[in-house]
Amino acid sequence: MSKRPRAGVRAAPRKTTKRRSSTKPTRSSRSKPLLKIPRERFDTWVLRHIQVMTGSLGRLTKQPVASLLTATVIGIALALPTSMYLLVDNARDIVSQWQSQGEIWLYMKPNVSDLRANQIAAELEARPDVASTRLITKEQAKALFIEHSNLGSAMDLLAENPLPAAIVLTPSELNSAVVDGILWHVREMPQVDLAKTDREWIERLQAIIDLARTFVWIIILALCFGVTIIVGNTIRLDIENHRQEIIVTKLVGGTDGFVRRPFLYVGYWYGLGGGVIALIFVGLAVAFLQQPFNHVLGLFESHYQLAWLSLADCLVLLASGTFLGWVGSWIGVSKHLRDIEPT
Amino acid sequence: MIEFHQVNKRYESGHQALSNLSFQMSAKEMAFLTGHSGAGKSTLLKLIALIERATTGSVVIGGQNLNAMGRAHIPFLRRSIGLIFQDHQLLHDRSVFDNVALPLIIAGMPPGKIAPLVLAALEKVGLEGRDKVRPIMLSGGEQQRVGIARALVGRPKVLLADEPTGNLDPELSREIMQLFVDYHLEGNTVLIATHDLDLVANMGKRVLTLEGGKLMQDIPAVGEVTPQAEEETAVSYE
């Protein structure tokens with residue numbers, strides 16, 4: 001019914017443009033009222049959204065304990081995978097730092113003299129894929145052995161120094177192709193008894209960490225699902241409590257979108273609140289863990305500092321909390337709103 | 001404006017609420033719908049606002065066949081219809097003002113335009129100055145008038161009322177009926193379901209009588225209300 005006058009308004013200028021063969025003034029006089037109406041409607045729309053947004057927050061603060069409990073449950077569900085992620089991320093950082101110290105140790109055969117070993121070291125250093133070499137003579141090896149093991153006194157019982165000379169080699173680059181190339185070359189050398197790198201166990205550790213990361217992602221997905229269900233269920237109860245409001249709104253011509261809006265904002269606030277609470281939990285956990293963590297790392301002679309979530313991580317956490325709250329309420333609302341119709 | 005063509009309505013429970021019902025109301029017509037409770041009055045009104053759908057037959061409102069109307073279009077149909085309920089259907093956690101403003105807010109009207117319309121509607125139903133109170137603080141009759149103000153505020157072309165004077169004393173009932181007559185005289189279609197036959201008889205408007213879901217009687221408007229008297233009421237409203 002209301003469409004008719006609008007069609008009339010549209011039809012009128014069309015006639016004039018035909019007669020005047022579309023001159024500029026006609027166009028602008030035609031576009032002015034057309035632009036003005038959507039602008040006003042848009043402003044009203046934005047205003048109503050802000051009102052519903054603040055109104056839904058007000059509705060939540062009317063039952064502070066219940067709202068806070070829901071947000072806390074969401075917060076815990078978000079904090080759990082976040083702290084696991086943080087832990088795995090830190091572990092990865094630590095391991096990658098260790099790898100950057102990656103060296104190749106070449107143990108010479110016992111019959112290779114220090115002098116010969118020195119020559120070999122010089123030859124190797126000339127290679128483009130080798131950054132530097134360091135020779136550990138037989139005597140230095142003996143000294144190191146005595147210093148670092150309790151078996152130092154046993155050394156005195158031996159007539160001859162049984163330890164070979166060794167070359168510590170630093171690759172120019174730390175990718176596995178370069179390291180593999182060097183290893184392949186030195187293992188072919190007749191003077192080299194054994195070539196060792198700390199890469200193997202770093203790789204194993206890395207594999208474990210990668211596994212843990214995958215595991216964390218599964219947990220993240222599971223808990224995201226959980227958050228959606230928590231919000232969806234809370235919204236379902238919220239919808240039941242506002243049954244009369246929904247019916248009246250539908251009776252006076254409220255669209256599904258209009259009815260849905262306050263519930264979506266409630267979900268939005270739950271999610272955002274949950275995100276903030278999760279941040280607080282993770283922050284507290286990191287603060288408590290900092291001391292013991294550094295102590296453990298200190299034992300490994302590492303000066304690594306436990307990293308907090310980056311600003312981007314924090315924003316991602318808040319955004320995903322908000323998004324999940326919104327999605328959860330969307331699912332809850334879509335599922336239950338259709339059931340509530342005026343009769 | 002309102003057309004019923006061989007409408008049948010059978011509820012899921014098996015209850016046949018309307019049988020082969022046909023009638024038409026032109027725009028700007030006012031009519032009463034009477035009959036015993038259970039005669040199908042409420043069902044008929046619900047079909048017009050698409051609260052229920054006809055089982056067979058067709059309901060046409062303002063040239064639109066409601067059978068063909070999808071779920072998404074129902075809100076826009078309801079915006080063109082003012083609905084008044086016996087149980088008021090007010091929101092008790094909001095002020096009278098917010099209750100009456102609801103249809104305008106839903107329609108996306110800028111706030112600056114809403115306030116004068118709401119206050120004017122409240123004045124028309126005699127509730128000036130009560131806009132800030134909660135409906136629960138008002139008497140039954142006052143709550144009914146809040147519901148009427150809400151139905152009128154958007155100036156719908158069609159006004160439907162289901163037992164609007166159900167629990168009211170005769171004097172208040174007459175006042176409320178006068179509101180409907182006034183709205184009708186402003187050029188709108190008004191259909192009122194009531195079992196208050198005395199009141200209906202005094203109004204001299206068209207009367208549709210339902211019995212067991214069938215249209216038993218269709219008495220056209222009689223000349224009891226002279227054009228002069230209509231003019232007087234229009235003036236008194238102004």
Side-chain angles (χ1 to χ4, degrees), chain A residues 1-7 36-56 58-63 238-262 265-266 333-334 337-343, chain B residues 1 11-12 27 42-43 46 49-53 61-64 71-85 87-94 98-114 135 147 150-151 153-158 160 162 188-189:
Chain A
M1 264 165 266
S2 58
K3 274 178 186 167
R4 273 190 189 154
R6 219 187 276 168
K36 206 177 174 183
I37 295 164
R39 172 77 202 168
E40 194 179 42
R41 282 196 77 91
F42 178 75
D43 287 348
T44 308
W45 183 81
V46 170
L47 181 80
R48 291 297 173 210
H49 264 270
I50 294 170
Q51 280 179 347
V52 172
M53 200 171 166
T54 49
S56 59
R59 206 157 88 183
L60 288 175
T61 52
K62 272 184 192 163
Q63 301 162 310
D238 204 29
I239 288 172
E240 269 314 308
N241 290 335
H242 290 86
R243 181 174 268 275
Q244 182 62 14
E245 185 181 328
I246 292 168
I247 288 175
V248 170
T249 307
K250 283 189 173 183
L251 279 175
V252 297
T255 54
D256 282 353
F258 187 92
V259 177
R260 200 185 289 134
R261 210 177 290 160
Y265 275 114
V266 166
V333 169
S334 315
L337 214 54
R338 272 170 180 263
D339 302 341
I340 301 177
E341 286 288 345
T343 50
Chain B
M1 184 55 90
Y11 284 104
E12 273 175 34
S42 295
T43 302
K46 283 175 183 173
L50 267 186
I51 296 168
E52 294 288 348
R53 282 180 186 272
I61 306 297
Q64 272 187 300
R71 203 186 119 82
H73 290 98
I74 296 176
F76 303 97
L77 169 77
R78 290 191 186 146
R79 286 178 199 181
S80 64
I81 297 173
L83 287 169
I84 296 157
F85 309 90
D87 56 356
H88 322 319
Q89 297 278 15
L90 300 177
L91 297 175
H92 291 285
D93 60 342
R94 300 189 193 183
D98 288 345
N99 268 283
V100 176
L102 188 62
L104 303 180
I105 291 172
I106 285 171
M109 187 179 277
K113 291 184 182 171
I114 288 178
R150 185 183 63 191
V153 74
R155 305 212 50 79
K157 286 269 169 243
V158 178
L160 305 178
D162 192 2
N188 300 297
T189 313

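Convention: sequence-line order gives letters A, B, ...; per-chain numbering from 1.
Looking at B:L91, only its side chain comes within 4.5 Å of chain A, counting heavy atoms on both sides. With a 4.5 angstrom heavy-atom cutoff, B:N99 does not touch chain A via any of its atoms. Of the two parts of B:I114, only the side chain, counted from C-beta on, holds a non-hydrogen atom closer than 4.5 Å to a non-hydrogen atom of chain A. Proximity to chain A (any heavy atom under 4.5 Å) is restricted, for B:L90, to the backbone atoms N, CA, C and O.
If you take CD on B:Q89 and OG1 on A:T249, they are separated by 10.5 Å, rounding to the nearest 0.5 Å. The distance from atom CG of B:L104 to atom OG1 of A:T44, rounded to the nearest 0.5 Å, is 12.0 Å. With rounding to the nearest 0.5 Å, the separation of CE in B:M109 from CZ in A:R48 is 10.0 Å.
No more than 12 heavy atoms of other residues, nucleotides or ligands shown are found within 6.0 angstrom of CZ on A:R338. Crowding of A:Q244 atom CD: a count of heavy atoms from other residues, nucleotides or ligands under 6.0 Å exceeding 12.
Options B:P103, B:G108, B:P110 differ in how many heavy-atom pairs under 4.5 Å they form with chain A, and the most are formed by B:P110. Residue with the most contacts toward chain B among A:Q51, A:K250, A:E341: A:K250 (heavy-atom pairs, distance under 4.5 Å). Here B:P111 is the residue among B:A49, B:A107, B:P111 with the most heavy-atom pairs under 4.5 Å with chain A.
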- Message: Using side chain to side chain contact (heavy atoms under 4.5 Å, CB included), reason through B:R79 and A:T255 one step at a time and then give a plain yes or no.
- Response: CA-CA 10 Å; B:R79 286 178 199 181; A:T255 54; 3.5 Å; yes
- Applying side chain to side chain contact (heavy atoms under 4.5 Å, CB included), run through B:R150 and A:L251 and close with a yes or a no. CA-CA 11 Å; B:R150 185 183 63 191; A:L251 279 175; 6.0 Å; no
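A pairwise comparison of heavy atoms in A:P342 and B:R78 identifies CG-NH1, 4.1 Å as the closest pair.
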